[in-house]
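Both ligands and their constituent atoms are indexed starting at 1 by order of listing. Quick note: residue numbers are just sequence positions, from 1.
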Amino acid sequence: MTARIIDGKALAREVEAQARARSEALASRPGGRRPGLAVVLVGEDPASCVYVKNKTRACERAGVISTEYRLPADTTEKELLELIEKLNNDPAVDGILVQLPLPKQINPDAVILSISPEKDVDGFHMLSAGALLTGRRDRGYRPCTPAGVMKLIEASGVNPEGLEAVVIGRSNIVGKPQAVMLLDAHATVTVVHSRTTNLADITRRADILVCAAGRPKMVKGDMVKPGAVVIDVGIHRDENGKLCGDVDQASVEPVAGALTPVPGGVGPMTIAMLIDNTVLAAERHLA
Ligand code: GUN
């Protein structure tokens, strides 16, 4: 068998096109307007600059008005919190995204909590986390990466109901919310992590394997059940400077049934779901 490669970029363009139609519908209502996203970047981390540029371009494709706020690396936490307060009170701003990581003088938890839960389009606020955990789809926003992973699984043609899903990684941004979303889709879910002893025994049971460990090429072919759907959340540079994920694509591709590439898999879907959340925020604010 050789895995079908799931085209995350094409799927992201579809999600953006649907977002564009909703954005245009909002703009053509009496008293309506286009959705607005504020993107805040502190410092000049090269990877963050690339992410922010990609987010801005996706906003243009989807008819979302994005405004970038670039602050110097020595910005204080107080200054950043003041900007967020201003954006919280700006009626043209539906969503606020503060690009992570932040410089070390700024506490990211304080920043995430300061964003109005109504504008938390990254889905990192504890209200969004609580809404997800308690099944309140009318409140909060779903974190973009795991929400995009669910769409990629759907695109693979596999329905998670009754299947074994294994998530590698337990971060607040991916692993934990991913487990909840898979549970909501009626999968039997196991989360494994760096302290798990018999990792490969567990991953080999997975019909759906979501790899968000943050370790380059750690998932090898002998850790994968034949025919499984494998989703690669990682993004790293390998020893030759080439982009790679958490999955060793060379050994996994012959075993898996479907596989997301890096780049062109989860990355573009994360951005598309950010746009989706921003349009949803505008729909709520204009309701
Ligand atoms: N840094 C890396 N990924 C993300 C993301 O999804 N959102 C934010 N705000 N920062 C990030």
Of Asp248, Asp246, Asp238, the one forming a salt bridge (Lys or Arg N to Asp or Glu O under 4.0 Å) with Lys217 is Asp238

Q) Any Lys/Arg nitrogen of Asp138 or Arg284 sitting under 4.0 Å from an Asp/Glu carboxylate oxygen of the other? A) no

Quiz item: Below 4.0 angstrom, N of the basic side chain to O of the carboxylate: do Arg142 and Asp122 qualify?
Solution: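 No, Arg142 and Asp122 are not salt-bridged.
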
Residue portion contacting ligand 1 (non-hydrogen atoms closer than 4.0 Å) for Leu100:
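Near ligand 1, Leu100 shows its backbone as well as its side chain.
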
| query | Of all the non-hydrogen atoms in the protein, which one sits nearest to atom 6 (O) of ligand 1, and at what distance? | reply |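 Heavy-atom neighbour on the protein nearest atom 6 (O) of ligand 1: Asp122 OD1, 3.9 Å.
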
The closest protein heavy-atom partner of atom 2 (C) of ligand 1 is Gln99 NE2, 3.8 Å

#### Entry: Val98 neighbourhood, listing ligand 1 atoms whose heavy-atom distance to it stays under 4.0 Å
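The atoms of ligand 1 under 4.0 Å from a heavy atom of Val98 are 8 (C), 9 (N).
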
Could you tell me if the side chain of Ile65 sits less than 4.5 Å from the side chain of Cys59, heavy atoms only? no

